[in-house]
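Let me begin by presenting the structure, written as structure tokens, before commenting on it.
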Amino acid sequence: MGRPTSAARVRRRLEPARPPPAAAEMVTLVAATAADPASIGPASSLLAMPGWHPGPTVQGMPSFVNEKVRLLKLENHLVREDHLDKRWEEATGESVDEVIFLSRHVAASNRPALTIHPIGTPHLRQDEVPLAGGRPGWAAPPNPRIGPWLRLLKNIAESHKLVPEFEVTLEATHHGPEISSPTMFVEIGSTDEYWKRQDAAQAIALLVWEGLGLGGGNSVGDWSRKGDQPKVLLGIGGGHYVPRHMDIAWKDGVWVGHLLSGYSLPMEQPSDSKEVNSKGVAGTWREAIKIAFETTRLAFPGGEVLVHLDLKSFKSWQRNAVTEFLASEKIKIGKAGDFY
């Protein structure tokens, strides 16, 4: 038999080694850590809301239960908590449907921010050591709630007078921990002063509370209720805060998958610029795109994943190589209007 395709290898890594029991309850796992004030603050505000009661202790870590939501309190930094979903499943018998990490955001600008992003390190070479968790050539399936929760977070932040002091934004796909379930990070940035802000913590707690339907309403961003617009944005190109992709994500009804910024697309320009094509451009950019596409498709069953390119962020030879590669992989490119 020949070697499995890249997509098959990604799928095999993401699927559990054995299927969960037929009767296993599907739960949402919310992870917080006492090592991070921007994590434990929102978790404490969330636990102050009605309906929580103590859950099982998993590997010495306490948990709390509210309907189908499980909040797990950890002690270590979140980017090092690999396979948290499988650890929960093995300890409790419950099957994890999605994971939401509450965390701090760090930025050189020190600007206050509320951010959401998928995770992964798909662009790293196999000989590179991830500096913030994960594994080379890996990405978690993006949580389908990312787009709808971005819009909900902005509404909450505005109603609590956090805007314009705080910027509400997506971030590009980056860092660990390694995990198999659809995942996203929800963060408060960018310095100790803001990590400890109670109003920011309350806003994140409300995002989780309302977003998961714990207050009695419908949950927000439930892909099973996607309706008749199953187009999913896979963003390629641009800076870390993906402004061109954000222009689309603000629109109601837009679903967001992985977001690969320019630094996650390592490309080496051939010495002969006259013969630039996708095969002649070295680097891990092709594998990063493949993994981001495949894991986004896994996270949105029945959806059509379309690539949105930040065209102005590419040099002409890069743009040509990327578009040629996408065509060879039969991955469609979408314009803004295709997503809503």
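Numbering starts at 1 and runs along the sequence shown.
Ring centers of Tyr194 and His105: at least 6.0 Å apart, outside the cut-off.
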(request) Go through the steps for Glu81 and Thr33 under the test side chain to side chain contact (heavy atoms under 4.5 Å, CB included), then give the verdict. (result) CA-CA 10 Å; Glu81 291 287 354; Thr33 177; over 6 Å; no

(request) Determine, step by step, whether Glu165 and Arg111 satisfy the salt bridge (charged side-chain N to carboxylate O under 4.0 Å, His left out) criterion, reporting the C-alpha distance in whole Å, the side-chain angles of both residues, the deciding distance to 0.1 Å, and the verdict. (result) CA-CA 9 Å; Glu165 180 184 12; Arg111 181 175 179 179; over 6 Å; no

(request) Check the pair His174, Ser264 against side-chain hydrogen bond (donor to acceptor under 3.5 Å, both in side chains), reporting the backbone distance first and the verdict last. (result) CA-CA 8 Å; His174 66 301; Ser264 293; over 6 Å; no

(request) Take Glu90 and Arg87 through the test salt bridge (charged side-chain N to carboxylate O under 4.0 Å, His left out) and record every step on the way to the result. (result) CA-CA 5 Å; Glu90 290 173 1; Arg87 289 153 58 193; over 6 Å; no

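Side chains of Leu124 and Thr284 form no contact here, defined as non-hydrogen atoms less than 4.5 Å apart. A heavy-atom distance below 4.5 Å is found between the side chains of Leu311 and Arg319. Proximity of Met61 to Glu75: side-chain heavy atoms (C-beta onward) are nowhere separated by under 4.5 Å. Residues Ile204 and Leu114 are in side-chain contact: their nearest non-hydrogen atoms beyond the backbone lie under 4.5 Å apart. Within the 4.5 Å cutoff, the side chain of Pro130 has heavy atoms near those of the Pro136 side chain. Counting heavy atoms from C-beta on, the side chains of Ile179 and Phe101 come closer than 4.5 Å. Within the 4.5 Å cutoff, the side chain of Pro142 has heavy atoms near those of the Phe300 side chain. Side-chain contact between Ile119 and Trp138: present, with at least one pair of heavy atoms (C-beta onward) separated by less than 4.5 Å.
Using a 4.5 Å cut-off between side-chain heavy atoms of Ile, Leu, Val, Met, Phe, Trp and Tyr, with links allowed through other members, Tyr241 and Ile116 fall into different hydrophobic clusters. Both Met267 and Val307 sit in one connected hydrophobic cluster of ILVMFWY residues. Membership requires side-chain heavy atoms under 4.5 Å apart, directly or through other members.
Relative ring orientation between Tyr263 and His240 is described as parallel, the plane-to-plane angle staying below 30° on a 0-90° scale split at 30° and 60°.
Separating the CG atom in Leu153 from the CG atom in Leu207 is a distance of 5.0 Å, to the nearest 0.5 Å. Here the CG atom belonging to Leu102 is positioned 8.0 Å from the CG atom belonging to Leu78, to the nearest 0.5 angstrom. Rounded to the nearest 0.5 angstrom, Leu259 CG and Leu233 CG are separated by 7.0 Å. To the nearest 0.5 Å, atoms CG (Leu152) and CD (Glu210) are separated by 5.5 Å. One distance of note links CG of Asp247 with CG of Asp310; it measures 9.0 Å at 0.5 Å rounding. Considering CH2 of Trp52 and CG of Leu214, their distance stands at 6.0 Å, rounded to 0.5 Å.
Under 4.0 Å is where a charged nitrogen must lie from a carboxylate oxygen, and between Glu287 and Arg125 no such pair does. A salt bridge between Arg70 and Glu25 is present, with a side-chain N of the basic residue lying under 4.0 Å from a carboxylate O of the acidic one. Between Arg104 and Glu187 no salt bridge is recorded (no basic side-chain N to carboxylate O distance below 4.0 Å).
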Please tabulate, one pair per line, all N/O donor-acceptor pairs under 3.5 Å involving side-chain atoms of residues 327-339, not counting sequence neighbours.
residue, atom, partner, partner atom, Å
Ser328, OG, Phe325, O, 2.6
Lys332, NZ, Glu304, OE2, 3.2
Asp338, OD2, Lys335, N, 2.7

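Val106 forms part of a hydrophobic cluster together with Trp195, judged by ILVMFWY side-chain heavy-atom separations under 4.5 Å.
Inspection of the Glu94 and Trp88 side chains reveals an N or O donor paired with an N or O acceptor under 3.5 Å. Side-chain contact annotation: Gln318 with Ser313, donor-acceptor N/O pair under 3.5 Å absent. Side-chain contact annotation: Thr28 with Glu98, donor-acceptor N/O pair under 3.5 Å present. Thr173 and His117 form no side-chain donor-acceptor contact under 3.5 Å, judged by distance and modelled atom types alone.
Scanning both residues, Ala140 and Ser181, for their nearest heavy atoms gives CB-O, 4.2 Å.
In this structure, Lys154 is positioned above the aromatic face of Trp250, its NZ or CZ under 6.0 Å from the six-membered ring centre and within 45° of the axis.
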